[in-house]
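Beneath this line is the structure, given in structure tokens, with notes to follow.
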Amino acid sequence: MEEIKKKIMLSGIQPSGDLHLGNYLGAVKNWGARAEEFDCYYFMADLHTLTVRQDPKMLRRRSLEQLAQYIACGIDPEKNVLFLQSHVHEHAELGWILNCYTMFGELSRMTQFKDKCAKNADNINGGLFTYPSLMAADILLYQADYVPVGEDQRQHCELTRDIAVRFNNIYGETFKVPEAYVPKAGARVMGLGNPTSKMSKSDPNGCVFLMEKPEDIARKFKRAITDSDTENCVRFDQANKPGVSNLMNIYSAVTGKSFEEIEKEFAGCGYGVFKPAVGDAVIETLRPIREEATRLLNDKAYLCSVYTEGAQKASFIARKTLRKVYKKVGLVEKPF
Ligand code: ATP
Ligand code: LTN
């Protein structure tokens with residue numbers, strides 16, 4: 001019988017800090033559950049991390065920690081390809097080629113570039129600018145159909161599509177044109193201290209990390225900013241009640257309940273009851289992840305076997321696409 005080819009899913013996160021609830025709900029949570037339906041590739045975007053100055057020891061440590069956390073979040077290495085971006089040299093090579101098909105104006109318009117320039121005014125380097133061409137290479141190398149990411153990465157995915165279409169128009173069908181795959185609940189988790197900006201590791205007080213102790217998570221939720229209306233009522237209203245709406249979004253993403261069900265569950269209860277309840281639900285969701293990641297981190301040999309095998313599988317696919325691209329653009333075929 002003819003084998004039906006599965007669609008391809010691919011995503012990555014920079015190991016530039018500890019994974020947090022935003023990364024989990026916006027991205028990683030949706031990765032593990034897809035292995036039966038798709039061929040899945042997930043990696044640590046360590047080359048991208050170099051666009052901001054890193055402590056080398058920390059970067060190495062975080063790359064392994066992130067791998068352990070991916071697995072603990074349910075991404076089974078037997079069913080998914082897990083690897084480090086830098087171990088598959090085709091990423092950097094295709095990244096260079098795609099730089100030549102990405103316009104200065106396009107790169108200048110990227111929101112993440114503008115944000116990062118504002119945050120790293122003393123190190124606005126070329127890598128930060130061309131970050132999206134490397135991301136396009138990550139995706140296009142594997143002919144990915146879907147890229148599961150949070151809302152903030154949609155712009156990069158759109159640019160990847162534009163680059164793919166541009167290249168295909170010049171050279172004929174070469175790349176699959178991918179689509180961003182953004183979840184309904186959890187796509188944009190906001191900071192607990194400031195519900196108008198996204199939860200981010202750069203604001204540790206408003207950010208809940210996957211490896212954080214339950215008592216610290218509970219404290220952060222108790223202190224979460226709710227809204228200054230006098231209503232004290234759990235109701236979804238993004239425009240007027242961004243704090244409560246963000247907590248409802250988190251609660252919905254971890255429990256699977258709809259906003260309507262949540263409003264009913266907490267009818268008549270004030271924020272004083274709702275906030276710790278969200279905290280508890282998050283604690284119980286993260287507990288098994290933290291325990292499993294801690295266990296895996298003590299087994300470095302296992303982690304090494306996972307990323308070694310992952311890089312071998314990834315290289316096999318990446319090599320094929322790169323060979324095709326080199327040929328199309330006119331490079332002489334390598335004799336060895
Ligand atoms: P930075 O603080 O440098 O912006 P970050 O930790 O917020 O980084 P990224 O490494 O940029 O996150 O993102 C990793 C993945 O997590 C991406 O798919 C991104 O869309 C998703 N993500 C990040 N923050 C959030 C958030 N607050 N809500 C939902 N998804 C998020
Ligand atoms: N830019 C992404 C990380 C990333 C990525 C990718 C995501 C690098 N390459 C390819 C999806 C597909 C971010 O999370 N900031």
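Start at 1 and go down the list; that is how both ligands and their atoms are numbered.
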Which option out of Lys29, Lys198, His48, His156 puts a heavy atom nearest to atom 11 (O) of ligand 1?
Lys198

Gly17 heavy atom under 4.0 Å from ligand 1:
no

Contact partition for Val149 relative to ligand 1, non-hydrogen atoms under 4.0 Å:
both

With a 4.0 Å heavy-atom cut-off (strictly under), which part of Met199 contacts ligand 1: side chain, backbone, both or neither?
both

Got a salt bridge between Glu265 and Lys257, using NZ or NE/NH1/NH2 to carboxylate O under 4.0 Å?
yes

Pair Arg154 + Glu151, salt bridge at N-O below 4.0 Å:
yes

Checking the N or O distance criterion of under 3.5 Å, is ligand 1 in contact with Gly150?
yes

Applying a heavy-atom cut-off of 4.0 Å, say which part of Gln112 lies close to ligand 1: side chain, backbone, both or neither.
neither

Side chain, backbone, both or neither: Ser11 near ligand 1, heavy atoms under 4.0 Å
neither

Report, in ascending order of atom number, the atoms of ligand 2 lying under 4.0 Å from any heavy atom of Val147.
11 (C), 12 (C)

Ile139, portion touching ligand 2 at heavy-atom distance under 4.0 Å
side chain

Consider every N or O of Ser11 and every N or O of ligand 2, then say whether any pair is closer than 3.5 Å.
no

Heavy-atom pairs closer than 4.0 Å: do any link ligand 2 to the side chain of Gln153, the backbone, both, or neither?
side chain

When you compare the side chains of Asp46 and Ser63, does any donor N or O come within less than 3.5 Å of an acceptor on the partner?
no

Out of Val189, Leu19, Asp152, whose heavy atom is nearest to atom 28 (N) of ligand 1?
Val189

Could Glu65 and Arg62 be called an ion pair, given the rule that one side-chain N must be under 4.0 Å from one carboxylate O?
no

